[in-house]
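Here is the structure we will look at, set down as structure tokens.
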Protein chains: 2
Amino acid sequence: MAKTDTAEQSRSRRERILDAAFHTFSTKGYRDTAVDDIAGAAETSKGGIYFHFPTKEAIFRELMATTADKLVGKVERAVALETEPVARAEAAIRAVLATFAGHRTMARLLFLDTIGAGRVFQTETNALHERFARLIQGYLDEAVAAGAIPPHDTRITSIAWFGAINEVVGRWLLADSAGKLEDAYPPLRAALLRSAGVPEKRVGPMPMPQPGVEFPETKR
Amino acid sequence: MAKTDTAEQSRSRRERILDAAFHTFSTKGYRDTAVDDIAGAAETSKGGIYFHFPTKEAIFRELMATTADKLVGKVERAVALETEPVARAEAAIRAVLATFAGHRTMARLLFLDTIGAGRVFQTETNALHERFARLIQGYLDEAVAAGAIPPHDTRITSIAWFGAINEVVGRWLLADSAGKLEDAYPPLRAALLRSAGVPEKRVGPMPMPQPGVEFPETKR
DNA sequence: AGCGACCGACCGACCAGTCGGTCGGTGCGA
DNA sequence: TCGCACCGACCGACTGGTCGGTCGGTCGCT
């Protein structure tokens, strides 16, 4: 019963700060976000923030970690629903695109601002990319073991997959009158599956660019 | 004869500054590079720099543009040597990897720091990626026209290619005891060609990860 | 003398992090 | 039930430092 004693909303102040930071970081980027900005957005003060967090960097790190966790969780849950190796890979791709499509800000934080943070975070970013690449590699290795695709250098392939997905999402993020991200799924799926050596008949017909499917000119 | 009147070395002061900026930016990143740092490295003064350039940003932009030009030039020259469509694509991939392998700093500037700059440069970066994606798309469309690969959504495929290459290079850059970047070529080439629908017989056998070929663990 | 290249002290804006202080509870003794 | 000591969340003015950009001045040429 006695939980949110302070007539505060359901969420604790700490979480309010996290939310505000998430939003601000993903809008303005790490460097261009002043702690005062976060304080303002969270309707608190700088001092209040520094009561809950030791440094600005710590806020960012926590955000990164939990966001990445959420995404990985979604992917793993989506993959668990499938048993056939190639279908699992497809589910993973779809889960990522769907998540980002629904949460543009999440994408921004993970794939743009992360990088926009600065030298200190190179390591952080690196670990994040590494993590996703390994995740993919795991699925690819599974597929190889199941005989769904020929054995090959799954390490490089997984890196390539991640890079490809990343770039497609990035492109979409920066195209301001962006179409639906989901539209990129069919061609991307085909390209990725093929790249890993999935038999042609399993991939299906080459998807053609339908008018309006491709991203519009990215603006000035 | 009367060229470098000031008993300066061959290069003009302006170029010295550019070189120093290039080096410093690609080592420390844009935000962490102070104009004074550049001045120090160029053996000149802040005032001297501001005589030649209006802003710090302008230096960076110029560097980006010329570096990108150089890379595009290399790719185009390499591609021009081939006539068969798939071979042209292969040449492009090889040229990029070879260039980066030889000039780690160039890679850093173009693909890491660019992004590490901040909001202002999002546009810049975007244009750069766009440019390379279009370059690739051109080659793919050529290949389609020549009947070397089936028609499909070359836009997404080109974005995926760029993303894949980018990520492989990025991974290599951040792996500190990195192996040779060229080792990534065979598997990457295979993955990319296949993803675009190049017939299996043209791609050749699946390259296996040879011991030492893959990138070593990226360090903590 | 005049000029263009260059110098470096200085200015002002910005910002992460600190610290003394406020204030709404809460537990407890009378 | 009142009063009081105490506590921990929170506040915001302030500090220390950084850095882009400016400007008055110097120096070597012509």
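Order of the sequence lines sets the chain letters (A, B, ...), proteins ahead of strands, with each chain counted from 1. Small disclaimer: the values here were computed from a predicted structure and weren't measured.
Screening residues 86-100 of chain A for salt bridge (Lys or Arg N to Asp or Glu O under 4.0 Å) gives A/R88-A/E142, A/E90-A/R189, A/E90-A/R202 as the qualifying pairs, with residues at least two apart or on separate chains.
A sub-4.0 Å separation between OP1 or OP2 of C/dA5 and a side-chain N or O of B/R16 is absent.
For B/R155 and A/E167, the salt-bridge test fails: no basic side-chain N is under 4.0 Å from an acidic carboxylate O.
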Can you give the donor-acceptor pairs under 3.5 Å from side chains of residues 47-54 of chain A to other protein atoms, not counting sequence neighbours?
none

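Rounded to whole angstrom, the span from the CD1 atom of A/I59 across to the C1' atom of C/dC15 amounts to 14 Å. Atom CZ of A/R13 is separated from atom P of D/dG8 by 18 Å (rounded to the nearest Å). One interatomic measurement links the two molecules: CD of B/E43 to C1' of C/dC7, which rounds to 15 Å at whole-angstrom precision. Regarding A/I17, its CD1 atom lies at a distance of 10 Å from the C1' atom of D/dA9, rounded to whole Å. For the pair B/F53 CZ and C/dC6 C1', the interatomic distance rounds to 14 Å; values are reported in whole Å. For the pair B/R14 CZ and C/dG4 C1', the computed distance is 16 Å after rounding to whole Å. A/F51 places its CZ atom 17 Å from the P atom of C/dG17, with the value rounded to the nearest Å.
Among residues two or more places apart in sequence or in another chain, the side chain to side chain contact (heavy atoms under 4.5 Å, CB included) test is passed with B/A21 by B/F25, B/I38, B/I59, B/L63. A/D141 is linked by a side chain to side chain contact (heavy atoms under 4.5 Å, CB included) to A/Q137, A/T154, counting only residues two or more places apart in sequence or in another chain. Looking at residues two or more places apart in sequence or on another chain, you find no side chain to side chain contact (heavy atoms under 4.5 Å, CB included) involving B/S45.
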Please list, for nucleotides 20-23 of chain D, all pairs of protein and nucleotide N/O atoms separated by less than 3.5 Å.
unit_1, atom_1, unit_2, atom_2, d
D/dG20, OP1, B/T33, O, 3.4
D/dG20, OP1, B/K56, NZ, 2.8
D/dG20, OP2, B/V35, N, 2.8
D/dG20, N7, B/K46, NZ, 2.7
D/dG21, OP2, B/Y50, OH, 2.9
D/dG21, OP2, B/K56, N, 2.9
D/dG21, N7, B/K46, NZ, 3.0
D/dG21, O6, B/K46, NZ, 2.6

